[in-house]
Engineer: 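Dropping the structure in here first, questions after.
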Amino acid sequence: MSSDRPTTTTPRPLRTSLRAPLSTSLRAPLSTSLRALLAALLLAGAVLLGTGSPAARAADATPATTATGASIAEALKTSAVYVDPAFAAAVTPAQQQQITEQIAATGLPIKVVLVPLQKGDAFGGDAKAMAAVVQERLGRSPLIMITSDDYGSWLNGYEWPAGDSRQVRDAASAVGMIKELKDAGLAAKVGRTIELISTGKGTEVYKAETDRLDRERSARPATEDRDTDVPSGSSATSGPFAIAALLVLALVVGGALLVRSRRRPRHTAFTFPDAVFAADRAADEAGLRRQAADEVLALGAALDGADGATTPGLGRALDAYDAAGRVLDAADGLPDLAGVLALTAEGRAALATGERLPLCFFDPRHGTAARRTTWRPLGRRERVDVAVCEDCTQALKARRSPQVLAVRDQGRTVPYFEVPADRSLWAATGYGSLLSGPDDTLAARVTSGEFTRTATRRQRTADHQD
């Protein structure tokens with residue numbers, strides 16, 4: 001191997017301090033009087049919320065589950081429904097019995113598992129992992145499982161053997177979008193999911209609700225983000241409706257002041273329903289940083305064993321290794337760490353024989369893409385050619401929006417590729433999907449200074465917003 005191979009497989013040391021993430025507060029400058037008005041409205045809402053019932057306040061502090069895959073599976077051997085004690089108030093014993101009877105009437109192998117998930121529990125806070133562990137412990141197939149999601153507010157559907165014969169995933173997803181179930185309890189949502197599974201209308205209802213959301217979002221003005229309707233009648237003037245009305249008023253006033261101060265159009269190149277954002281609030285940045293460092297180490301080890309005479313792509317692999325180290329040193333959050341994964345994948349692809357696809361466009365954490373496809377975002381006419389993993393492929397086939405890597409940008413949570421390309425190398429390249437040709441690589445862009453330039457512009461924008 002040539003002398004320009006790395007002399008060590010240890011990546012550059014991580015920086016001991018990172019810039020703080022973008023603030024989620026309103027960044028536009030407001031006059032003192034306007035700030036005071038907004039603060040007063042929000043304070044009043046907070047006071048009213050603080051006077052809520054003990055049960056309502058307790059619901060905001062749901063404890064982590066102590067359940068394990070073995071304990072859940074053992075309980076499911078004698079019952080079709082498992083409800084963690086933390087959800088006992090949301091799904092009462094009487095409601096559990098009703099759900100059990102509903103499942104029995106379908107004749108389908110349905111199990112319901114409602115468990116609050118958090119990082120550090122037996123499942124790493126991941127609903128999919130929990131479902132897989134419980135299914136393995138049960139040792140049953142065919143099996144349909146309905147679970148709470150990573151935050152307990154939505155439902156997930158899983159089916160074994162793998163497939164979509166009962167439209168389980170669509171049924172669970174559809175229930176989260178049905179208008180009349182917006183304020184329904186967890187038990188009612190589970191019941192409706194079972195109904196859609198039993199009738200085989202999960203995909204039909206999911207598509208109908210997706211189309212409705214698409215139409216509604218397309219018809220909204222760019223500055224309108226929330227429905228501000230308040231229920232009519234006396235109940236709208238007291239109790240929770242009064243609290244909701246006051247908070248809505250505060251949000252409307254704040255939004256109006258923000259628009260007034262910025263006078264800039266909202267970037268809407270891609271529009272996603274809020275529900276399809278990946279669960280980044282619980283993402284373990286430290287874990288991803290460790291994974292990224294490990295990937296750089298592994299690429300370095302592979303380079304040490306490579307021979308330039310038999311590895312035509314060695315030069316590109318070396319470039320990718322160097323670029324990955326640079327980005328890892330300067331990484332500021334999940335998007336940059338995902339970029340390290342994309343760069344090391346590019347390096348491994350250069351060492352391998354034959355063409356390899358980049359990591360998944362929608363979220364590089366999904367792994368290497370399985371194929372390329374054209375994709376049209378909801379509410380848009382243009383199509384883009386992207387590399388996608390198997391799960392995202394199935395989501396697109398079912399007309400579901402894939403889960404995406406979400407970031408905070410100018411006070412909003414958006415898909416990473418919605419950040420203007422001049423402030424994000426990753427948005428400009430789609431982590432490799434949007435490169436223009438074989439000579440256009442992520443490593444070359446990092447080496448040319450594009451990563452540094454976009455990071456600088458991003459910081460300037462953040463400073464301006466402050």
Side-chain angles (χ1 to χ4, degrees), residues 46 49-103 110-138 143-158 168-169 171-173 175-176 178 181-194 197 239-240 243-244 274-275 277-284 287 403:
L49 285 174
T51 62
S53 67
R57 292 196 299 272
D60 293 332
T62 303
T65 183
T66 57
T68 64
S71 64
I72 295 173
E74 188 63 28
L76 290 175
K77 290 178 180 179
T78 57
S79 174
V81 180
Y82 177 88
V83 178
D84 190 272
F87 282 158
V91 185
T92 65
Q95 291 172 325
Q96 293 179 41
Q97 181 60 34
Q98 291 175 354
I99 294 172
T100 300
E101 293 173 357
Q102 183 184 7
I103 291 173
I110 299 175
K111 298 289 186 181
V112 175
V113 180
L114 304 178
V115 172
L117 297 169
Q118 294 183 17
K119 286 291 180 182
D121 62 25
F123 313 105
D126 189 327
K128 186 175 183 180
M130 177 185 70
V133 170
V134 173
Q135 188 272 336
E136 182 179 4
R137 291 283 187 174
L138 284 173
L143 176 66
I144 295 170
M145 192 180 302
I146 301 169
T147 76
S148 46
D149 73 348
D150 295 355
Y151 301 101
S153 55
W154 291 70
L155 297 175
N156 291 342
Y158 306 96
V168 174
R169 185 160 57 173
S173 298
V175 166
I178 297 174
L181 292 177
K182 180 180 179 181
D183 299 316
L186 196 55
K189 292 179 180 179
V190 171
R192 187 61 180 276
T193 302
I194 294 171
I197 292 171
I243 296 173
D274 294 342
F277 287 130
D280 287 303
R281 286 173 294 178
D284 184 356
Q403 285 194 330

Engineer: Using a 4.5 Å cut-off on heavy atoms from C-beta on, say whether the side chain of Leu138 contacts that of Lys77.
Structural biologist: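 A side-chain contact under 4.5 Å exists here.
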Engineer: Does Ser79 reach the main-chain N or O of Leu76 with its side chain, forming a donor-acceptor pair under 3.5 Å?
Structural biologist: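 Not a single qualifying donor-acceptor pair exists.
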Engineer: Which residues pass the side-chain hydrogen bond (donor to acceptor under 3.5 Å, both in side chains) test with Tyr158, sequence neighbours left out?
Structural biologist: Asn156
Engineer: Just jot down the side chain to side chain contact (heavy atoms under 4.5 Å, CB included) partners of Gln135, sequence neighbours excluded, or say none.
Structural biologist: Ser141, Leu143, Met145, Trp160
Engineer: How many angstroms lie between atom CD of Gln97 and atom OG1 of Thr92, to the nearest 0.5 angstrom?
Structural biologist: 10.5 Å
Engineer: Only counting residues at least two apart or in another chain, list the ones meeting side chain to side chain contact (heavy atoms under 4.5 Å, CB included) with Thr193.
Structural biologist: Ile146, Leu155, Ala171, Ala172, Val175, Ile197
Engineer: When Val113 is tested against each of Asp84, Ile72, Val83 for side chain to side chain contact (heavy atoms under 4.5 Å, CB included), which residue passes?
Structural biologist: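 Option passing the side chain to side chain contact (heavy atoms under 4.5 Å, CB included) with Val113: Ile72.
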Engineer: According to the salt bridge (Lys or Arg N to Asp or Glu O under 4.0 Å) rule, which pairs have a member within residues 93-102, sequence neighbours left out?
Structural biologist: none
Engineer: With a cut-off of 3.5 Å and sequence neighbours excluded, list every side-chain donor-acceptor pair involving residues 123-130.
Structural biologist:
from   : atom 1 : to     : atom 2 : distance (Å)
Asp126 : OD1    : Lys128 : N      : 2.8
Asp126 : OD1    : Ala129 : N      : 3.2
Lys128 : NZ     : Asp391 : OD2    : 3.0

Engineer: Quick check on side chain to side chain contact (heavy atoms under 4.5 Å, CB included): which of Val190, Val112, Ile99 does Val91 satisfy it with?
Structural biologist: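 By the side chain to side chain contact (heavy atoms under 4.5 Å, CB included) criterion, Val91 pairs with just one of Val190, Val112, Ile99: Ile99.
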Engineer: What distance separates Lys189 NZ from Trp154 CH2, expressed to the nearest 0.5 Å?
Structural biologist: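 Here the rounded value is 7.5 Å.
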Engineer: About how many Å separate CD of Gln102 and CD1 of Ile110, when rounded to the nearest 0.5 Å?
Structural biologist: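 Rounded to the nearest 0.5 Å, the CD1-CD separation comes to 8.0 Å.
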Engineer: Going by the rule side chain to side chain contact (heavy atoms under 4.5 Å, CB included), which residues pair with Arg137 if we only count those two or more places apart in sequence or in a different chain?
Structural biologist: Ala70, Ala73, Val133
Engineer: Keeping Gln96 on the side-chain end and Val81 on the backbone end, is there a donor-acceptor pair under 3.5 Å?
Structural biologist: no
Engineer: Excluding sequence neighbours, so at least two apart, what forms salt bridge (charged side-chain N to carboxylate O under 4.0 Å, His left out) with Glu136?
Structural biologist: none
Engineer: Test of understanding: with side-chain hydrogen bond (donor to acceptor under 3.5 Å, both in side chains), list the residues that count as partners of Thr68, not counting sequence neighbours.
Structural biologist: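 With neighbours one apart ignored, the set is Ser71.
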